[in-house]
Amino acid sequence: MEIFCFLVLEISLLLIIYSIATVCRVKRQISEVLDALNDIKNGNGNRRILARTNEMIAPLIYEINSIVISYENKLSMFHRVEEANRRFMTSLSHDVKTPLTTLIGYLDAAYKGTVTGREYDNYIEIAHRKSHELKNYIDMLFDWFKLNSNEFIIKIDTMEVAELTRNVLIDWIPIFENKQMEYHVSIPEQPFLVRLDPDGYTRILNNLIQNVIVHSYANKIKISLCRFENDIKIQISDNGIGMKSEDLKHIFERLYKCDKGYSKKGSGLGLFIAYQLTEKMNGKIVVESEVTKGTVFTLLFPLAI
């Protein structure tokens, strides 16, 4: 009996010691958590709280770490958006104010009679071109605003894409010829039915071709359309200066401009809009490029069955 009582007493003491040790360990961990949270609060987002999986407050610590990581990701995204908006406002000021000032200058000179004859005709031609460039830029801005606010209305219907593509390209032929660009268009006579928004599809092609003309410094462009398994494939390729692999990773991002390779002209919105519209029409867009060899943009849209 005495041995039993002694064992009970010993076990009780061990349990008390274990409980005290556990409480002390938990108190120490809570203190470490509070210290870590205070460090995070002061701006150290890389701080993490360590705990073994078998510890009592491990689930709480893991959840706190998860919340901190989520917060840091959102904060990082906020900073990226803030930086993009800052660059956008700088770009907007330059890309609108500069051509508008130039346009007014040419029109003023023509209106006041500062230039006459052939020079007058040249000034009017330049003003005409600048006004269209400015309109295209503003149209792109409106598309971007609509896409960002989910107000861009997509009206998808079954379309005959070969004829639609021809109609889009007809307007580009005079521009290719005016810029002395060699162009090759390959579109089969057979019809291909695809579910598309015609305005969105037109905007995608126009943005991709405009990208070649403004940025690639190419003197050749090839546009082809064909069936590829259960999709219709449209390719726009050029023999321009190409892009580096690092740029290819970001080329469809909003406001992204290549610092080198492609010129710094443009809004950085054209390819972003093309990418967003392609996705909204259940399509896919990819790009391949090699410096000094040229670039190929490929569009894939599922055929209507």
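Count residues from 1 along the sequence. Values below: all heavy atoms of this structure, side chains included; hydrogens, waters and symmetry mates excluded.
Interatomic distance, D238 CG to E182 CD, rounded to the nearest 0.5 Å: 13.0 Å. Going from atom CG of N167 over to atom OG1 of T202 covers 8.5 Å, rounded to the nearest 0.5 Å. We find the CD-OG1 distance between E119 and T114 to be 9.5 Å, quoted to the nearest 0.5 Å. Considering NE2 of H128 and CD1 of I126, their distance stands at 13.0 Å, rounded to 0.5 Å. With rounding to the nearest 0.5 angstrom, the CD1 atom of I221 is 5.0 Å from the CE atom of M181. A distance of 5.0 Å separates CZ in F297 from CG in N211, rounded to the nearest 0.5 Å.
Under a hydrophobic-cluster definition in which Ile, Leu, Val, Met, Phe, Trp and Tyr are linked whenever side-chain heavy atoms come within less than 4.5 Å, directly or via other members, V296 and V185 are assigned to different clusters. Cluster membership for L300 and I236, using ILVMFWY side-chain heavy atoms within less than 4.5 angstrom, is not shared. Y201 and I187 fall within a single hydrophobic cluster, where Ile, Leu, Val, Met, Phe, Trp and Tyr side chains are chained together by heavy-atom contacts under 4.5 Å. At a threshold of 4.5 Å between side-chain heavy atoms, the hydrophobic network of Ile, Leu, Val, Met, Phe, Trp and Tyr places V286 and M243 in two separate groups. Both I209 and I175 are members of a single hydrophobic cluster when ILVMFWY side chains are connected at heavy-atom separations under 4.5 Å.
Within 6.0 Å of the CD atom in Q235, the count of heavy atoms belonging to other residues, nucleotides or ligands exceeds 12. Sparse packing is recorded around CD of E125, with 12 or fewer heavy atoms of other residues, nucleotides or ligands lying under 6.0 Å away. More than 12 heavy atoms of other shown residues, nucleotides or ligands fall within 6.0 angstrom of atom CZ in F192.
Contact annotation: the side chain of I223 never approaches that of L205 to less than 4.5 Å [non-hydrogen atoms, C-beta and beyond]. When side chains are defined from C-beta on, K233 counts as touching T298, because their heavy atoms get closer than 4.5 Å.
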Chi angles and distances behind the side-chain contact (heavy atoms from CB on, under 4.5 Å) call for I213, W172: CA-CA 10 Å; I213 290 175; W172 284 101; 3.3 Å; yes
Going through the checks in order, is the side-chain contact (heavy atoms from CB on, under 4.5 Å) test met by L193 and E160? CA-CA 5 Å; L193 296 180; E160 202 290 284; 4.3 Å; yes
Please evaluate residues L225 and I234 with respect to the criterion side-chain contact (heavy atoms from CB on, under 4.5 Å), reporting the C-alpha separation (whole Å), side-chain torsions for both, the decisive distance (0.1 Å), and the verdict. CA-CA 5 Å; L225 183 149; I234 303 100; 3.9 Å; yes
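Here the side chain of D197 pairs a donor or acceptor atom with the backbone of K155 at under 3.5 angstrom.
The salt bridge (charged side-chain N to carboxylate O under 4.0 Å, His left out) check on E163 picks up R166, with sequence neighbours excluded.
Of all the heavy atoms in G200 and M281, the pair that sits closest is C-CE, 3.7 Å. For the pair L299 and L208, the tightest heavy-atom approach, listed with the atom from each and the gap, is CD1-CD1, 3.9 Å. Minimum interatomic distance between S289 and G294 (heavy atoms only, all atoms of both residues): OG-O, 3.1 Å. Contact between V194 and P302 at its shortest, heavy atoms only, is CG1-O, 3.4 Å. The two residues L103 and A127 come nearest to each other via the heavy atoms CD1-O, 3.1 Å. Scanning all heavy atoms of the two residues, the minimum distance from M159 to L196 falls at CG-O, 3.7 Å.
Among the candidates I204, D231, N282, the single residue satisfying the side chain to side chain contact (heavy atoms under 4.5 Å, CB included) test with F301 is I204.
A ring-ring contact (aromatic ring centres under 6.0 Å, His included) check over residues 99-119, counting only residues at least two apart or in different chains, returns the pairs Y106-Y123.
Neither side chain, S186 nor S224, offers a donor N or O lying under 3.5 Å from an acceptor on the other.
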